[in-house]
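Everything on this sheet refers to the single structure shown next.
Below, chains carry the letters A, B, ... as their sequence lines are ordered, and counting in each starts from 1.
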There are 2 protein chains.
Amino acid sequence: MNQPLSSTEENYLKAIFKLCEQSDKPASTNDVALALNTRAASVTDMLKRLAEKSLINYVKYKGVTLTSSGRTIATSLIRKHRLWEVFLTDKLNFGWEEVHEIAEQLEHIKSNELTNRLEAFLNFPKYDPHGDPIPDSDGNFQYRQQVLLADVPLHTEVIIVGVSEHETPFLQYLEKLNLILGAKLVIQESFEYDQSILVTINQSTTQNISAKVAKNIYVQKI
Amino acid sequence: MNQPLSSTEENYLKAIFKLCEQSDKPASTNDVALALNTRAASVTDMLKRLAEKSLINYVKYKGVTLTSSGRTIATSLIRKHRLWEVFLTDKLNFGWEEVHEIAEQLEHIKSNELTNRLEAFLNFPKYDPHGDPIPDSDGNFQYRQQVLLADVPLHTEVIIVGVSEHETPFLQYLEKLNLILGAKLVIQESFEYDQSILVTINQSTTQNISAKVAKNIYVQKI
DNA sequence: ACGTATTTTTAGGCTAGTCTAAAAATATTA
DNA sequence: TAATATTTTTAGACTAGCCTAAAAATACGT
């Protein structure tokens with residue numbers, strides 16, 4: 001009955017979780033296909049199998065949401081992914097731009113004991129290297145109130161607490177600009193014509209930041 | 001051409017490596033099937049595929065050996081397996097009887113950078129928790145001269161340096177008898193009728209040890 | 001060395017997961 | 001609301017990996 005899921009099945013659950021969380025609506029077949037870099041027909045096949053296992057609520061043509069057991073598995077994957085990311089940066093000194101890909105593999109290791117001991121070994125971190133909250137062993141996230149850098153009013157002092165995009169090139173770029181977690185920013189100017197902003201970083205340099213970048217950085221007011 | 005191998009393919013290479021190492025002869029289809037808990041027909045299928053990829057030397061009806069590239073992959077798997085075992089015992093405080101199963105999963109994580117950083121993080125260990133040598137990044141093993149406890153003459157003082165069986169129940173049993181790595185033993189008596197031996201452990205307790213157990217423990221003379 | 005026993009391979013079939021192309025359902029827009 | 005565009009599902013095919021049953025090759029005992 002409850003045989004372990006394949007990595008493929010797990011990846012579908014994780015994708016559906018993220019899509020539903022983002023939009024608060026059922027995920028469409030196409031969205032899932034896009035997220036997993038696969039085709040709609042493959043998604044339909046898999047949705048039938050996952051529904052059969054009661055991991056998703058799937059109504060033909062109407063999209064998909066996770067059931068409670070599906071959500072438990074998805075959050076466990078996210079928990080493992082983020083704990084491993086902390087391990088890779090804090091213990092093995094990887095850069096935050098390198099860890100996502102390796103954690104994509106490590107998140108599929110099946111051992112609750114391992115996950116829990118890893119968490120303790122890392123001193124129960126609450127956030128991963130990108131500022132994303134790490135769910136506890138019951139699957140509860142400790143959310144933070146945070147806003148996009150793009151939505152911060154002029155002259156407000158803020159601190160970078162997260163990024164919404166985890167791909168290597170983007171994070172490398174941020175690193176180059178000194179836009180790392182914990183950096184203090186003040187928006188000096190906002191340019192209408194391209195939505196870019198002029199930002200002082202750590203009270204030293206002042207940089208122009210594109211709208212695209214500003215929409216991928218989460219900050220908190222100090 | 002050189003696309004990454006599946007975990008299944010990797011497991012076949014590892015099994016062939018171990019079988020060939022043990023006997024110094026080509027591994028038979030049946031032996032591989034036995035080692036991987038699968039059927040001979042499945043093995044034949046896989047051998048064809050691995051030969052196609054130049055990872056094994058396979059002659060129909062004549063058994064199989066690894067090519068040099070096959071051996072490189074197999075030793076890399078063993079390296080990863082054993083490094084992860086050290087991590088699990090030394091950093092996460094798992095017992096030596098618990099780590100094999102988890103390391104079976106972790107050994108398939110693909111990232112050389114990860115393996116090498118893990119090795120450094122663990123201070124370049126030379127042996128895993130069961131006393132098996134950990135190959136370096138070039139695949140070279142640092143072998144030890146060691147003998148089976150079963151082959152040690154009477155009244156010789158020896159120290160346990162390894163075990164040849166890694167399954168949980170066996171290791172738990174050894175643990176109970178205080179037969180752990182580093183324990184000092186002196187064989188007091190050897191019983192003809194069942195090949196069992198009487199052994200003093202750490203100069204304190206004296207235990208009877210079955211032939212089966214004595215054949216699975218490696219020792220060094222002090 | 002010849003018949004029997006064992007091992008290995010082949011043949012054919014199954015599942016998971018993928019794909020393309022076509023059909024069906026839903027959404028959009030004039 | 002009717003025609004068109006988009007999305008989703010179905011149909012059918014492919015690969016990897018597994019299986020059983022039967023055939024072929026090898027090994028063994030007398």
Side-chain angles (χ1 to χ4, degrees), chain A residues 1-16 19-20 22-23 25-65 70 73 77 104-105 107-108 110, chain B residues 1-16 19-20 22-23 25-66 70 73-74 77 104-105 107-108 110:
Chain A
M1 178 106 228
N2 248 355
Q3 75 217 32
L5 298 185
S6 69
S7 294
T8 309
E9 291 172 309
E10 290 187 337
N11 284 336
Y12 273 88
L13 293 179
K14 201 170 49 130
I16 294 163
L19 289 167
C20 290
Q22 268 167 39
S23 68
K25 269 183 279 187
S28 75
T29 302
N30 256 357
D31 288 347
V32 175
L34 204 68
L36 293 175
N37 196 25
T38 175
R39 299 315 184 94
S42 312
V43 174
T44 301
D45 278 3
M46 180 58 92
L47 294 186
K48 284 186 207 155
R49 282 191 292 265
L50 293 175
E52 194 56 46
K53 297 184 182 184
S54 302
L55 297 168
I56 60 171
N57 307 114
Y58 171 49
V59 184
K60 264 188 198 175
Y61 296 103
K62 295 296 175 189
V64 56
T65 59
I73 293 168
L77 287 165
E104 283 291 302
Q105 299 180 60
E107 72 188 5
H108 298 293
K110 284 164 186 60
Chain B
M1 179 110 224
N2 247 354
Q3 75 217 33
L5 298 184
S6 69
S7 294
T8 309
E9 291 172 309
E10 291 187 336
N11 285 336
Y12 273 89
L13 294 179
K14 202 170 48 130
I16 294 163
L19 290 168
C20 291
Q22 269 167 39
S23 68
K25 269 182 280 185
S28 74
T29 302
N30 255 358
D31 288 347
V32 176
L34 205 66
L36 293 175
N37 197 24
T38 175
R39 300 315 185 94
S42 312
V43 174
T44 301
D45 278 2
M46 180 59 91
L47 294 186
K48 284 187 206 154
R49 283 191 292 265
L50 293 175
E52 194 57 45
K53 298 185 182 184
S54 302
L55 296 168
I56 60 172
N57 307 114
Y58 170 50
V59 184
K60 265 189 198 175
Y61 296 103
K62 296 295 176 188
V64 57
T65 59
L66 294 181
I73 294 169
L77 287 164
E104 284 290 302
Q105 299 180 60
E107 72 188 3
H108 298 292
K110 285 164 184 61

At under 4.0 Å between heavy atoms, how does the protein contact nucleotides 10-21 of chain D? Give one character per nucleotide, 5' to 3', with B, S or -. B------SBBB-

Do you know which two heavy atoms are closest between [X] and [Y], and how far apart they sit?
X	Y	value
A:C20	A:A27	SG-N, 3.9 Å
A:I56	A:L47	CD1-O, 3.3 Å
B:A40	B:N30	CB-OD1, 3.8 Å

Sidechain-backbone polar pair: A:T38 side chain, A:L34 backbone, donor-acceptor under 3.5 Å: no

Mark yes or no for whether B:K60, through its side chain, and B:Y58, through its backbone, hold a donor-acceptor pair below 3.5 Å. no

Along DNA chain C, first and last positions that approach a heavy atom of chain B under 4.0 Å: C:dT7 to C:dT10

Side-chain contact, heavy-atom cut-off 4.5 Å: B:L5 with B:I73? yes

Do B:S6 and B:Y12 come within less than 4.5 Å of each other through their side chains, counting heavy atoms only? no

